[in-house]
Amino acid sequence: MRRAVCPGSFDPITNGHLDIIGRASKLYDVVHVVVMINQSKKGLFAVDERIELIREVTADFSNIEVESFHGLLVDFCKQREIPAIVKGLRAVSDFDYELQMAQMNNGLSGVETLFMPTNPTYSFLSSSLVKEVAAWGGDVSHLLPPTVHEALVKRLGER
């Protein structure tokens, strides 16, 4: 069985993330979408909320598993015998950072990283940018799945 992992903070998941996850799901039998927990970062959504949103928006895919992990991504991969990480690249700046991570991960564990160029429609898109624009009242509905957009608007209204 061919398995890969798509890691991220997904705070919140965007259409760009979904593009990469969906494309990876066509290449692998199982794609593990993993919300990586970083205790030093305070997310807008709790990890459990992110997992639930991801499960909702990936429900049409039959081969997606969603969970969280605290620690090194390569440890997650080793524990589950997953040989590949799939990462989306938006720009050259992403490549510089992701190449270093891929080389480190491979050196630590032998896990390979596959880079997938982002759909040009989403080449500028990041969760941070979406949150910032939405916080100032900008319309980001076209950048997020509808349920995620609703959750974002609700959460920002609570602040």
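One is the number of the first residue; the rest follow in order along the sequence.
- Two different hydrophobic clusters hold I54 and V5 under the rule that ILVMFWY side chains link at heavy-atom gaps under 4.5 Å.
- Under the 4.5 Å side-chain contact rule for hydrophobic residues, F115 and Y97 do not share a cluster.
- A donor-acceptor contact shorter than 3.5 Å links the side chain of R155 to the backbone of L44.
- Under the 3.5 Å distance criterion, the side-chain polar atoms of R55 are matched with a main-chain donor or acceptor of V66.
- Note: the hydrophobic cluster containing V34 does not contain V57 (ILVMFWY, side chain heavy atoms under 4.5 Å, direct or indirect links).
- Of the N and O atoms on the side chains of T121 and N119, at least one donor lies less than 3.5 Å from an acceptor on the other residue.
- K131 places none of its side-chain heavy atoms less than 4.5 Å from the side chain of L156.
- At distances below 3.5 Å, at least one donor-acceptor pair connects side-chain atoms of R2 with backbone N or O atoms of L27.
- Between the side chain of R50 and the backbone N or O of P12 there is no donor-acceptor pair closer than 3.5 Å.
- In this structure, L144 is a member of the same hydrophobic cluster as I51, with clusters built from ILVMFWY side-chain heavy atoms closer than 4.5 Å.
- N15 contributes a side-chain N or O that, together with a main-chain N or O of H142, makes up a donor-acceptor pair within less than 3.5 Å.
- N63 contributes a side-chain N or O that, together with a main-chain N or O of S25, makes up a donor-acceptor pair within less than 3.5 Å.
- Salt-bridge check for D94 with K87: failed, with every basic side-chain N at 4.0 Å or more from each acidic carboxylate O.
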